[in-house]
Amino acid sequence: YRYFGRADAEQCVRHKRLLVAGDSTARDTFYELMHVAGHTIFAGVVNDSRVYWPPSSYEPRTPISSGGKDVRGLCLGNFDRKQRCLRDEEFPEKHGKSTQFTFQFLTQSNSSWETGDAAGLLDDRPPDAAFVACPMYEWFKPDSYNYSMTRAERAR
């Protein structure tokens, strides 16, 4: 395998459109991907990769978890309320296409209203790569996204 430092990671995704779709685990993967590529939207982190990933560090300093919040606000999903979270972050480049990261929060497998959201997001430019994680909590913990329950009840 090959180690990607800060400059290599930024170069790898430059001029590409990447789509990540899934639940909270995929959301934090989306945040981390942007962070490593030099375009963080983690809440409370300065958007300067030289600060959070100095040349002497093997990997960037990253929050353990986003807690569902980024610089745009909360990014959570709720199937019953049709609460959605979409992120479409575009970064202009000096030469060539912009670099673009898109995320869609999926709360339930095979949900037609959620997949319809993604179709509109991608009309202008198809993704160069897509990473989709099917929501698994609905099968293992069916109450995971039932926000009418307490956190302890949802965790059972």
Side-chain angles (χ1 to χ4, degrees), residues 1-79 81-94 96-108 111 114-115 117-118 120-122 124-138 140-141 144-147 150-152 154-155:
Y1 85 99
R2 178 174 174 234
Y3 168 75
F4 282 80
R6 183 182 76 225
D8 294 327
E10 287 180 56
Q11 181 63 34
C12 183
V13 300
R14 186 170 289 134
H15 306 296
K16 297 198 172 51
R17 178 162 199 181
L18 304 178
L19 167 69
V20 178
D23 58 14
S24 59
T25 306
R27 178 201 56 222
D28 284 357
T29 301
F30 166 77
Y31 289 155
E32 184 70 26
L33 178 62
M34 288 185 64
H35 193 69
V36 166
H39 301 292
T40 194
I41 63 169
F42 274 119
V45 176
V46 175
N47 191 8
D48 183 349
S49 63
R50 295 167 299 177
V51 173
Y52 62 76
W53 196 353
S56 60
S57 296
Y58 180 76
E59 62 188 13
R61 290 185 289 258
T62 305
I64 302 272
S65 168
S66 70
K69 188 174 184 180
D70 59 38
V71 297
R72 311 265 180 266
L74 285 175
C75 183
L76 303 171
N78 184 310
F79 182 80
R81 294 183 193 157
K82 291 195 174 184
Q83 177 184 346
R84 40 178 63 86
C85 175
L86 302 168
R87 296 292 185 259
D88 196 24
E89 305 293 326
E90 187 169 1
F91 303 94
E93 301 289 351
K94 288 182 181 180
K97 293 186 214 173
S98 60
T99 299
Q100 202 165 352
F101 297 88
T102 302
F103 173 73
Q104 180 183 12
F105 199 110
L106 300 176
T107 58
Q108 192 170 38
S111 170
E114 288 180 318
T115 54
D117 286 344
L121 273 177
L122 304 174
D124 63 327
R125 181 178 168 193
D128 294 292
F131 306 92
V132 180
C134 293
M136 296 301 290
Y137 288 116
E138 69 183 274
F140 294 115
K141 293 185 176 188
S144 292
Y145 293 107
N146 183 351
Y147 294 112
T150 68
R151 182 180 289 214
R154 291 193 319 259

- Message: Any non-hydrogen side-chain atom of R84 less than 4.5 Å from a side-chain atom of Q104?
- Response: no

- Task: Specify the closest pair of heavy atoms between P127 and L122, including all atoms of both residues, with the distance to one decimal.
- Result: CD-CD1, 4.1 Å

- Item | Pairwise side-chain contact, F30 with D28, heavy-atom cut-off 4.5 Å (strictly under) | no

- Item | CZ on F42 to NE2 on H35, rounded to 0.5 Å | 6.0 Å

- With sequence neighbours left out, write down each residue that passes salt bridge (Lys or Arg N to Asp or Glu O under 4.0 Å) with E32, or none if nothing qualifies. none

- Considering all heavy atoms, the nearest C75-D70 contact: CB-OD2, 4.1 Å

- Item | For Q83, all residues meeting side chain to side chain donor-acceptor pair (under 3.5 Å), sequence neighbours excluded | none

- Message: F91: which residues meet the ring pair (Phe, Tyr, Trp, His ring centres under 6.0 Å) condition with it, sequence neighbours left out?
- Response: H39

- Message: I'd like to check F103 versus L86 (side-chain heavy atoms, cut-off strictly below 4.5 Å). Are they in contact?
- Response: no

- Minimum heavy-atom distance V20-A26, with the two atoms named: CG1-O, 3.6 Å

- Query: So, H15 side chain and K97 main chain: donor-acceptor pair closer than 3.5 Å or not?
  - Reply: yes

- Nearest heavy-atom pair of A37 and F101: which atoms, and what distance? CB-CZ, 3.8 Å

- Item | Pairing residues for R81 by the salt bridge (Lys or Arg N to Asp or Glu O under 4.0 Å) criterion, not counting sequence neighbours | none

- Message: Is there a side-chain contact between M34 and L18 in this structure, where contact means two heavy atoms from C-beta onward sitting under 4.5 Å apart?
- Response: no

- Item | Any side-chain donor near an acceptor of the partner, T99 and E93, under 3.5 Å | yes

- Message: List the residues meeting side chain to side chain donor-acceptor pair (under 3.5 Å) with D88, not counting sequence neighbours, and say none if there are none.
- Response: R17, Q100, T102

- Query: Hey, does L106 have a side-chain heavy atom less than 4.5 Å from the side chain of D23?
  - Reply: no

- Query: What distance do R14 atom CZ and S98 atom OG have between them, rounded to the nearest 0.5 Å?
  - Reply: 12.5 Å

- List in chain and number order the residues that pass side chain to side chain donor-acceptor pair (under 3.5 Å) with S57, two or more places apart in sequence or in another chain; answer none if no residue qualifies. none

